[in-house]
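See structure below.
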Amino acid sequence: MSRLMEKPTEYVLCNALSSCAKTMNWHFGVQIHANMIRSGYENNMFLSTALVDFYAKCFCIVDAKKIFRAMKVHDQVSWTSLIVGFSANKLGREAFLLFKEMLGTRIRPDCFTLTSVVNACVGENGVVNPCSSLHVHVIIRGFDTSNFVISSLVDCYASCGRIDDAVLLFNETNEKDTVIYNTMISGYCQNMYSEDALKLFVEMRGKNMSPTDHTVSSILSACSRLAVLVEGKQVHSLVIKMGFENVFVNGALIDMYSKGGDIDEARSVLDQTSRKNTVLLTSMIMGYAQCGRSLEALEFFDYLLTEQKLIPDHVCFSAVLTACSHAGFIDKGEEYFNKMITDHGLSPDIDQYTCLIDLYARNGDLRKVRDLMEEMPYDPSFIIWSSILSACKIYGDVELGREAANQLIKMEPCNAAPYLTLAHIYARQGLWNELSEVRSLMQQRVKGKSAWSWV
DNA sequence: ACCCGATGTC
(Lines give C-alpha, C1' and ligand atoms only; values in the text may rest on other atoms or scores of the structure.)
Protein backbone atom coordinates (compact mmCIF):
# COMPACT_ATOMS: atom_id res chain seq x y z
CA MET A 1 0.00 0.00 0.00
CA SER A 2 2.71 2.50 0.95
CA ARG A 3 4.58 1.82 -2.31
CA LEU A 4 1.40 2.41 -4.25
CA MET A 5 0.69 5.61 -2.36
CA GLU A 6 4.18 7.04 -2.96
CA LYS A 7 3.68 8.18 -6.52
CA PRO A 8 0.05 7.90 -7.44
CA THR A 9 -1.05 9.57 -10.62
CA GLU A 10 -3.77 12.23 -10.65
CA TYR A 11 -5.97 9.69 -12.37
CA VAL A 12 -5.63 7.19 -9.51
CA LEU A 13 -6.24 9.79 -6.81
CA CYS A 14 -9.30 11.08 -8.60
CA ASN A 15 -10.92 7.67 -8.80
CA ALA A 16 -9.95 6.91 -5.22
CA LEU A 17 -11.59 10.15 -4.03
CA SER A 18 -14.69 9.35 -6.03
CA SER A 19 -14.90 5.95 -4.34
CA CYS A 20 -14.45 7.57 -0.92
CA ALA A 21 -17.30 9.93 -1.76
CA LYS A 22 -19.59 7.08 -2.79
CA THR A 23 -18.83 4.99 0.30
CA MET A 24 -18.57 8.06 2.58
CA ASN A 25 -15.15 6.90 3.72
CA TRP A 26 -13.88 10.07 5.37
CA HIS A 27 -10.76 8.55 6.93
CA PHE A 28 -9.35 7.31 3.67
CA GLY A 29 -10.42 10.42 1.77
CA VAL A 30 -8.53 12.86 3.99
CA GLN A 31 -5.40 10.75 3.58
CA ILE A 32 -5.78 11.07 -0.17
CA HIS A 33 -6.21 14.82 0.28
CA ALA A 34 -2.93 14.91 2.24
CA ASN A 35 -1.22 12.83 -0.43
CA MET A 36 -2.56 15.16 -3.07
CA ILE A 37 -0.96 18.15 -1.35
CA ARG A 38 2.34 16.27 -0.89
CA SER A 39 2.35 15.33 -4.57
CA GLY A 40 1.81 18.93 -5.64
CA TYR A 41 -1.55 18.31 -7.31
CA GLU A 42 -3.38 21.09 -5.48
CA ASN A 43 -4.17 23.05 -8.60
CA ASN A 44 -5.59 20.16 -10.55
CA MET A 45 -9.21 21.07 -11.27
CA PHE A 46 -10.41 17.49 -11.63
CA LEU A 47 -8.93 16.52 -8.29
CA SER A 48 -10.26 19.61 -6.55
CA THR A 49 -13.71 18.88 -7.92
CA ALA A 50 -13.51 15.31 -6.68
CA LEU A 51 -12.51 16.74 -3.27
CA VAL A 52 -15.52 19.07 -3.23
CA ASP A 53 -17.74 16.10 -3.99
CA PHE A 54 -16.00 13.94 -1.37
CA TYR A 55 -16.24 16.45 1.49
CA ALA A 56 -19.84 17.29 0.69
CA LYS A 57 -20.89 13.63 0.58
CA CYS A 58 -19.21 13.15 3.98
CA PHE A 59 -21.29 16.07 5.29
CA CYS A 60 -18.24 18.32 5.64
CA ILE A 61 -19.88 21.06 3.60
CA VAL A 62 -17.63 23.75 5.11
CA ASP A 63 -14.55 21.99 3.77
CA ALA A 64 -16.24 21.45 0.42
CA LYS A 65 -16.98 25.17 0.17
CA LYS A 66 -13.41 26.05 1.16
CA ILE A 67 -11.92 23.83 -1.57
CA PHE A 68 -14.35 25.21 -4.16
CA ARG A 69 -13.56 28.84 -3.27
CA ALA A 70 -9.82 28.19 -3.38
CA MET A 71 -10.03 26.87 -6.95
CA LYS A 72 -8.66 29.24 -9.59
CA VAL A 73 -10.72 27.84 -12.46
CA HIS A 74 -14.09 26.19 -12.50
CA ASP A 75 -16.04 24.24 -15.07
CA GLN A 76 -19.64 23.00 -15.20
CA VAL A 77 -18.72 19.93 -13.19
CA SER A 78 -17.11 21.80 -10.30
CA TRP A 79 -20.08 24.17 -10.00
CA THR A 80 -22.47 21.24 -10.18
CA SER A 81 -20.53 19.29 -7.57
CA LEU A 82 -20.97 22.01 -4.97
CA ILE A 83 -24.64 22.45 -5.91
CA VAL A 84 -25.13 18.69 -5.39
CA GLY A 85 -23.15 19.03 -2.15
CA PHE A 86 -25.45 21.72 -0.78
CA SER A 87 -28.41 19.62 -1.81
CA ALA A 88 -27.08 16.51 -0.05
CA ASN A 89 -26.60 18.62 3.07
CA LYS A 90 -30.21 19.84 2.83
CA LEU A 91 -29.10 23.38 1.96
CA GLY A 92 -31.46 23.86 -0.96
CA ARG A 93 -31.41 27.63 -0.72
CA GLU A 94 -27.64 27.79 -0.86
CA ALA A 95 -27.68 25.43 -3.85
CA PHE A 96 -30.05 27.79 -5.64
CA LEU A 97 -27.97 30.86 -4.76
CA LEU A 98 -24.85 29.14 -6.06
CA PHE A 99 -26.68 28.35 -9.29
CA LYS A 100 -27.55 32.03 -9.66
CA GLU A 101 -23.90 32.93 -9.03
CA MET A 102 -22.90 30.46 -11.72
CA LEU A 103 -25.24 32.18 -14.20
CA GLY A 104 -23.12 35.32 -13.73
CA THR A 105 -20.00 33.56 -15.01
CA ARG A 106 -19.15 32.47 -18.52
CA ILE A 107 -19.70 28.82 -17.59
CA ARG A 108 -23.11 27.67 -18.83
CA PRO A 109 -25.17 25.14 -16.87
CA ASP A 110 -25.62 21.74 -18.51
CA CYS A 111 -28.32 19.16 -17.82
CA PHE A 112 -26.41 17.81 -14.85
CA THR A 113 -26.43 21.29 -13.31
CA LEU A 114 -30.13 21.82 -13.94
CA THR A 115 -31.14 18.39 -12.66
CA SER A 116 -29.10 19.02 -9.54
CA VAL A 117 -30.37 22.51 -8.78
CA VAL A 118 -33.98 21.46 -9.39
CA ASN A 119 -33.46 18.47 -7.18
CA ALA A 120 -31.99 20.73 -4.49
CA CYS A 121 -35.19 22.76 -4.52
CA VAL A 122 -37.41 19.72 -3.95
CA GLY A 123 -39.12 20.21 -0.64
CA GLU A 124 -37.96 23.81 -0.31
CA ASN A 125 -41.02 25.56 1.03
CA GLY A 126 -39.33 28.91 1.46
CA VAL A 127 -40.95 32.12 0.34
CA VAL A 128 -41.47 30.99 -3.21
CA ASN A 129 -40.21 27.71 -4.58
CA PRO A 130 -38.12 28.58 -7.65
CA CYS A 131 -39.31 25.64 -9.79
CA SER A 132 -40.91 27.91 -12.39
CA SER A 133 -37.84 30.04 -12.92
CA LEU A 134 -35.69 26.93 -13.13
CA HIS A 135 -38.18 25.51 -15.62
CA VAL A 136 -37.60 28.61 -17.76
CA HIS A 137 -33.84 27.96 -17.77
CA VAL A 138 -34.52 24.36 -18.74
CA ILE A 139 -36.59 25.46 -21.74
CA ILE A 140 -34.16 28.21 -22.80
CA ARG A 141 -31.23 25.82 -22.83
CA GLY A 142 -33.25 23.13 -24.59
CA PHE A 143 -32.97 20.53 -21.85
CA ASP A 144 -36.70 19.83 -21.85
CA THR A 145 -35.96 16.67 -23.80
CA SER A 146 -33.84 15.23 -21.00
CA ASN A 147 -35.76 12.73 -18.93
CA PHE A 148 -33.45 13.40 -15.99
CA VAL A 149 -34.33 17.09 -15.98
CA ILE A 150 -38.05 16.49 -16.56
CA SER A 151 -38.43 13.95 -13.78
CA SER A 152 -36.71 16.20 -11.26
CA LEU A 153 -38.93 19.13 -12.35
CA VAL A 154 -42.07 17.00 -12.01
CA ASP A 155 -40.90 15.99 -8.55
CA CYS A 156 -40.14 19.61 -7.64
CA TYR A 157 -43.56 20.87 -8.71
CA ALA A 158 -45.31 18.02 -6.92
CA SER A 159 -43.27 18.41 -3.74
CA CYS A 160 -44.29 22.03 -3.31
CA GLY A 161 -47.94 21.20 -3.84
CA ARG A 162 -48.15 22.44 -7.45
CA ILE A 163 -49.64 19.19 -8.66
CA ASP A 164 -51.38 20.86 -11.63
CA ASP A 165 -48.08 22.15 -12.96
CA ALA A 166 -46.52 18.74 -12.44
CA VAL A 167 -49.35 17.10 -14.42
CA LEU A 168 -49.07 19.71 -17.18
CA LEU A 169 -45.36 19.07 -17.61
CA PHE A 170 -45.89 15.31 -17.40
CA ASN A 171 -48.59 15.40 -20.08
CA GLU A 172 -46.60 17.53 -22.51
CA THR A 173 -43.56 15.27 -22.30
CA ASN A 174 -43.53 12.93 -25.27
CA GLU A 175 -41.09 10.17 -24.60
CA LYS A 176 -42.00 9.33 -21.01
CA ASP A 177 -39.83 6.68 -19.41
CA THR A 178 -40.52 4.57 -16.34
CA VAL A 179 -38.83 6.99 -13.98
CA ILE A 180 -41.04 9.89 -15.10
CA TYR A 181 -44.10 7.71 -14.55
CA ASN A 182 -42.80 6.71 -11.13
CA THR A 183 -42.13 10.34 -10.25
CA MET A 184 -45.64 11.39 -11.29
CA ILE A 185 -47.23 8.50 -9.39
CA SER A 186 -45.24 9.39 -6.30
CA GLY A 187 -46.17 13.07 -6.76
CA TYR A 188 -49.86 12.13 -6.77
CA CYS A 189 -49.30 10.07 -3.61
CA GLN A 190 -47.48 12.90 -1.81
CA ASN A 191 -50.40 15.20 -2.57
CA MET A 192 -53.02 12.65 -1.49
CA TYR A 193 -54.33 12.09 -5.00
CA SER A 194 -54.32 8.37 -4.42
CA GLU A 195 -56.96 7.55 -7.04
CA ASP A 196 -55.00 9.43 -9.72
CA ALA A 197 -51.90 7.50 -8.71
CA LEU A 198 -53.78 4.24 -9.26
CA LYS A 199 -55.18 5.48 -12.61
CA LEU A 200 -51.70 6.35 -13.83
CA PHE A 201 -50.48 2.94 -12.77
CA VAL A 202 -53.23 1.34 -14.85
CA GLU A 203 -52.28 3.57 -17.80
CA MET A 204 -48.67 2.52 -17.41
CA ARG A 205 -49.62 -1.15 -17.50
CA GLY A 206 -51.84 -0.51 -20.53
CA LYS A 207 -48.81 0.88 -22.37
CA ASN A 208 -46.90 -2.29 -21.56
CA MET A 209 -44.38 -0.41 -19.46
CA SER A 210 -42.88 -2.58 -16.78
CA PRO A 211 -43.40 -1.32 -13.25
CA THR A 212 -40.40 -1.31 -10.95
CA ASP A 213 -40.01 -1.76 -7.22
CA HIS A 214 -40.36 2.04 -6.94
CA THR A 215 -43.68 1.94 -8.78
CA VAL A 216 -45.14 -0.71 -6.54
CA SER A 217 -44.02 0.90 -3.29
CA SER A 218 -45.81 4.13 -4.26
CA ILE A 219 -48.87 2.26 -5.46
CA LEU A 220 -49.02 0.24 -2.25
CA SER A 221 -48.89 3.41 -0.20
CA ALA A 222 -51.79 4.76 -2.32
CA CYS A 223 -53.69 1.52 -1.62
CA SER A 224 -53.04 1.86 2.09
CA ARG A 225 -54.32 5.47 2.12
CA LEU A 226 -57.46 4.38 0.30
CA ALA A 227 -57.67 1.27 2.50
CA VAL A 228 -58.38 -0.80 -0.62
CA LEU A 229 -57.24 -4.22 0.42
CA VAL A 230 -58.45 -5.98 -2.75
CA GLU A 231 -56.32 -3.82 -5.06
CA GLY A 232 -53.46 -3.96 -2.59
CA LYS A 233 -53.52 -7.74 -2.66
CA GLN A 234 -53.39 -7.68 -6.47
CA VAL A 235 -50.28 -5.52 -6.27
CA HIS A 236 -48.89 -7.95 -3.72
CA SER A 237 -49.33 -10.78 -6.26
CA LEU A 238 -47.50 -8.65 -8.81
CA VAL A 239 -44.69 -8.09 -6.31
CA ILE A 240 -44.30 -11.84 -5.88
CA LYS A 241 -44.53 -12.50 -9.62
CA MET A 242 -41.93 -9.87 -10.49
CA GLY A 243 -39.68 -10.63 -7.53
CA PHE A 244 -39.70 -7.03 -6.29
CA GLU A 245 -39.13 -7.87 -2.67
CA ASN A 246 -36.93 -5.37 -0.88
CA VAL A 247 -37.24 -3.38 2.35
CA PHE A 248 -39.10 -0.52 0.68
CA VAL A 249 -41.69 -2.72 -0.99
CA ASN A 250 -42.12 -4.90 2.07
CA GLY A 251 -42.43 -1.82 4.26
CA ALA A 252 -45.20 -0.53 2.00
CA LEU A 253 -46.87 -3.97 2.06
CA ILE A 254 -46.81 -4.09 5.86
CA ASP A 255 -48.24 -0.59 6.01
CA MET A 256 -50.92 -1.42 3.42
CA TYR A 257 -52.08 -4.54 5.27
CA SER A 258 -52.06 -2.93 8.70
CA LYS A 259 -53.95 0.20 7.54
CA GLY A 260 -56.30 -2.05 5.57
CA GLY A 261 -57.16 -3.92 8.75
CA ASP A 262 -55.36 -7.20 8.09
CA ILE A 263 -52.68 -6.98 10.75
CA ASP A 264 -51.94 -10.71 10.67
CA GLU A 265 -51.14 -10.58 6.96
CA ALA A 266 -48.85 -7.62 7.73
CA ARG A 267 -47.09 -9.78 10.28
CA SER A 268 -46.76 -12.61 7.78
CA VAL A 269 -45.04 -10.25 5.29
CA LEU A 270 -42.70 -9.11 8.04
CA ASP A 271 -41.87 -12.68 9.00
CA GLN A 272 -41.02 -13.47 5.38
CA THR A 273 -38.67 -10.48 5.14
CA SER A 274 -35.12 -11.64 5.51
CA ARG A 275 -33.42 -8.34 6.22
CA LYS A 276 -35.61 -6.59 8.76
CA ASN A 277 -34.72 -3.06 9.74
CA THR A 278 -36.00 -0.66 12.39
CA VAL A 279 -38.38 0.98 9.93
CA LEU A 280 -40.19 -2.28 9.13
CA LEU A 281 -40.40 -3.28 12.78
CA THR A 282 -41.68 0.19 13.71
CA SER A 283 -44.41 -0.08 11.03
CA MET A 284 -45.44 -3.37 12.55
CA ILE A 285 -45.57 -2.00 16.11
CA MET A 286 -47.55 0.99 14.87
CA GLY A 287 -49.88 -1.40 13.04
CA TYR A 288 -50.62 -3.28 16.25
CA ALA A 289 -51.06 0.01 18.13
CA GLN A 290 -53.47 1.47 15.59
CA CYS A 291 -55.74 -1.56 15.36
CA GLY A 292 -56.14 -1.60 19.12
CA ARG A 293 -53.84 -4.55 19.83
CA SER A 294 -51.65 -2.53 22.17
CA LEU A 295 -50.54 -5.44 24.30
CA GLU A 296 -49.19 -7.24 21.24
CA ALA A 297 -47.44 -4.04 20.17
CA LEU A 298 -45.63 -3.82 23.50
CA GLU A 299 -44.89 -7.55 23.70
CA PHE A 300 -43.46 -7.45 20.20
CA PHE A 301 -41.32 -4.42 21.06
CA ASP A 302 -39.99 -6.04 24.25
CA TYR A 303 -39.26 -9.24 22.33
CA LEU A 304 -37.33 -7.30 19.68
CA LEU A 305 -35.32 -5.46 22.32
CA THR A 306 -34.32 -8.53 24.29
CA GLU A 307 -34.17 -11.27 21.65
CA GLN A 308 -33.39 -9.48 18.41
CA LYS A 309 -31.12 -6.72 19.71
CA LEU A 310 -33.26 -4.06 18.05
CA ILE A 311 -31.80 -0.57 18.31
CA PRO A 312 -34.93 1.57 18.57
CA ASP A 313 -35.02 5.13 17.23
CA HIS A 314 -37.32 8.07 17.94
CA VAL A 315 -40.06 6.91 15.59
CA CYS A 316 -40.03 3.48 17.17
CA PHE A 317 -40.73 5.05 20.57
CA SER A 318 -43.55 7.08 19.05
CA ALA A 319 -45.14 3.77 17.99
CA VAL A 320 -44.66 2.27 21.46
CA LEU A 321 -46.08 5.36 23.17
CA THR A 322 -49.02 5.38 20.76
CA ALA A 323 -49.78 1.81 21.85
CA CYS A 324 -49.68 2.91 25.51
CA SER A 325 -51.85 5.91 24.73
CA HIS A 326 -54.55 3.87 22.95
CA ALA A 327 -54.68 1.35 25.78
CA GLY A 328 -54.45 3.88 28.61
CA PHE A 329 -51.24 2.38 30.00
CA ILE A 330 -50.01 5.47 31.88
CA ASP A 331 -47.34 3.76 33.98
CA LYS A 332 -45.96 1.80 31.05
CA GLY A 333 -45.93 4.91 28.89
CA GLU A 334 -43.91 6.83 31.45
CA GLU A 335 -41.60 3.86 31.85
CA TYR A 336 -40.88 3.62 28.11
CA PHE A 337 -40.46 7.37 27.86
CA ASN A 338 -37.85 7.34 30.63
CA LYS A 339 -36.12 4.24 29.29
CA MET A 340 -35.82 5.94 25.94
CA ILE A 341 -33.60 8.53 27.61
CA THR A 342 -31.71 6.43 30.17
CA ASP A 343 -31.32 3.05 28.42
CA HIS A 344 -31.15 4.14 24.79
CA GLY A 345 -29.54 7.57 25.04
CA LEU A 346 -32.18 9.27 22.90
CA SER A 347 -33.41 12.72 23.79
CA PRO A 348 -37.12 12.81 23.06
CA ASP A 349 -38.23 15.07 20.24
CA ILE A 350 -41.59 16.80 20.04
CA ASP A 351 -43.33 13.70 18.65
CA GLN A 352 -42.65 11.62 21.74
CA TYR A 353 -43.71 14.50 24.00
CA THR A 354 -46.86 14.67 21.89
CA CYS A 355 -47.55 10.96 22.50
CA LEU A 356 -47.04 11.27 26.25
CA ILE A 357 -49.20 14.41 26.47
CA ASP A 358 -51.86 12.60 24.46
CA LEU A 359 -51.62 9.66 26.87
CA TYR A 360 -52.15 11.92 29.90
CA ALA A 361 -54.86 13.92 28.15
CA ARG A 362 -56.90 10.89 27.09
CA ASN A 363 -56.84 9.72 30.67
CA GLY A 364 -57.91 13.09 32.03
CA ASP A 365 -54.68 13.76 33.90
CA LEU A 366 -54.56 17.40 32.89
CA ARG A 367 -52.20 18.32 35.74
CA LYS A 368 -49.52 16.09 34.30
CA VAL A 369 -50.24 17.54 30.87
CA ARG A 370 -49.46 21.03 32.20
CA ASP A 371 -46.33 19.83 34.01
CA LEU A 372 -44.97 18.08 30.94
CA MET A 373 -45.65 21.11 28.75
CA GLU A 374 -43.67 23.27 31.19
CA GLU A 375 -40.85 20.77 31.18
CA MET A 376 -40.49 20.08 27.47
CA PRO A 377 -38.12 22.22 25.41
CA TYR A 378 -40.59 22.70 22.53
CA ASP A 379 -43.46 25.06 21.82
CA PRO A 380 -46.71 23.08 21.90
CA SER A 381 -47.81 22.24 18.36
CA PHE A 382 -51.25 22.28 16.78
CA ILE A 383 -51.56 18.53 17.41
CA ILE A 384 -50.71 18.93 21.11
CA TRP A 385 -53.24 21.71 21.68
CA SER A 386 -55.84 19.67 19.75
CA SER A 387 -55.38 16.65 21.93
CA ILE A 388 -55.57 18.86 25.05
CA LEU A 389 -58.72 20.53 23.77
CA SER A 390 -60.49 17.22 23.16
CA ALA A 391 -59.52 16.08 26.66
CA CYS A 392 -60.94 19.32 28.10
CA LYS A 393 -64.17 18.65 26.24
CA ILE A 394 -64.45 15.17 27.76
CA TYR A 395 -63.34 16.15 31.26
CA GLY A 396 -64.99 19.61 31.35
CA ASP A 397 -61.90 21.73 32.05
CA VAL A 398 -63.00 25.23 31.02
CA GLU A 399 -59.84 27.15 31.81
CA LEU A 400 -57.35 24.89 30.01
CA GLY A 401 -59.87 24.33 27.22
CA ARG A 402 -60.11 28.06 26.62
CA GLU A 403 -56.34 28.37 26.48
CA ALA A 404 -56.00 25.43 24.09
CA ALA A 405 -58.75 26.77 21.82
CA ASN A 406 -57.20 30.25 21.77
CA GLN A 407 -53.82 28.82 20.82
CA LEU A 408 -55.38 26.77 18.02
CA ILE A 409 -57.37 29.76 16.79
CA LYS A 410 -54.18 31.81 16.74
CA MET A 411 -52.51 29.15 14.59
CA GLU A 412 -55.43 28.54 12.20
CA PRO A 413 -58.00 31.35 12.56
CA CYS A 414 -60.27 30.00 9.83
CA ASN A 415 -60.44 26.44 11.12
CA ALA A 416 -63.90 25.98 12.65
CA ALA A 417 -63.06 22.97 14.82
CA PRO A 418 -61.57 24.70 17.90
CA TYR A 419 -64.42 27.28 18.05
CA LEU A 420 -66.96 24.47 17.98
CA THR A 421 -65.24 22.41 20.66
CA LEU A 422 -64.87 25.44 22.92
CA ALA A 423 -68.54 26.28 22.37
CA HIS A 424 -69.36 22.72 23.37
CA ILE A 425 -67.33 23.07 26.60
CA TYR A 426 -69.06 26.36 27.46
CA ALA A 427 -72.50 24.90 26.78
CA ARG A 428 -71.85 21.93 29.04
CA GLN A 429 -70.99 24.29 31.91
CA GLY A 430 -73.92 26.62 31.20
CA LEU A 431 -71.61 29.54 30.33
CA TRP A 432 -74.06 31.11 27.87
CA ASN A 433 -72.39 34.52 27.50
CA GLU A 434 -69.05 32.93 26.63
CA LEU A 435 -70.83 30.58 24.27
CA SER A 436 -72.40 33.37 22.26
CA GLU A 437 -69.08 35.23 22.17
CA VAL A 438 -67.18 32.31 20.68
CA ARG A 439 -70.04 31.65 18.27
CA SER A 440 -70.02 35.17 16.87
CA LEU A 441 -66.22 35.14 16.67
CA MET A 442 -66.43 31.98 14.62
CA GLN A 443 -69.09 33.44 12.34
CA GLN A 444 -66.93 36.50 11.69
CA ARG A 445 -63.81 34.57 10.86
CA VAL A 446 -64.82 31.26 9.43
CA LYS A 447 -67.96 32.05 7.49
CA GLY A 448 -67.69 31.51 3.79
CA LYS A 449 -64.01 30.70 3.97
CA SER A 450 -62.37 27.40 3.58
CA ALA A 451 -60.11 26.24 6.36
CA TRP A 452 -57.09 27.12 4.25
CA SER A 453 -58.17 30.45 2.86
CA TRP A 454 -55.69 32.57 4.79
CA VAL A 455 -52.79 30.97 2.93
C1' DA B 1 -10.62 11.62 -15.20
C1' DC B 2 -14.60 14.95 -11.53
C1' DC B 3 -21.04 16.05 -11.08
C1' DC B 4 -27.46 14.08 -12.36
C1' DG B 5 -33.44 11.57 -11.60
C1' DA B 6 -37.87 8.28 -8.11
C1' DT B 7 -39.43 4.53 -3.28
C1' DG B 8 -40.82 3.11 2.87
C1' DT B 9 -42.13 4.20 9.29
C1' DC B 10 -44.19 9.00 13.40
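Chain identifiers are assigned alphabetically (A, B, ...) following the order of the sequence lines, protein sequences preceding nucleic acid strands; residue numbering begins at 1 within each chain.
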Practice task
Could you pull out all residues at least two apart from A:E172 that satisfy salt bridge (charged side-chain N to carboxylate O under 4.0 Å, His left out)?
Solution key: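 Expected list: none.
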Practice task
Using the test salt bridge (charged side-chain N to carboxylate O under 4.0 Å, His left out), find all partners of A:D271 that sit at least two apart in sequence or belong to another chain.
Solution key: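 For A:D271 the salt bridge (charged side-chain N to carboxylate O under 4.0 Å, His left out) partners, ignoring immediate neighbours, are A:R267.
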Any base atoms under 4.0 Å from [X], or only sugar-phosphate, or nothing? Heavy atoms, all strands.
X      : result
A:N182 : base
A:Q290 : nothing
A:T115 : base
A:V179 : base
A:D349 : nothing
A:E10  : base
A:D351 : base
A:S152 : nothing
A:D75  : base

Problem - A:R69 and A:E101 ion-paired at < 4.0 Å - result: yes
Handout entry: Polar side chain donor-acceptor pair, A:Y181 to A:K207, under 3.5 angstrom
Key =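 Yes.
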Exercise for the section: For A:Y288 and A:E299, test the side chains for any donor-to-acceptor distance below 3.5 angstrom and give the result as yes or no. Expected result: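 No, because no side-chain N or O of A:Y288 sits under 3.5 Å from a partner of the opposite role on A:E299.
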Practice task
Name the first nucleotide and the last nucleotide along DNA chain B (5' to 3') that come under 4.0 Å of a heavy atom in chain A.
Solution key: B:dA1 to B:dC10
Handout entry: Neighbour count >12 (heavy atoms, 6.0 Å) for atom CD1, A:I311
Key =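 Not buried by this count: 12 neighbours or fewer within 6.0 Å.
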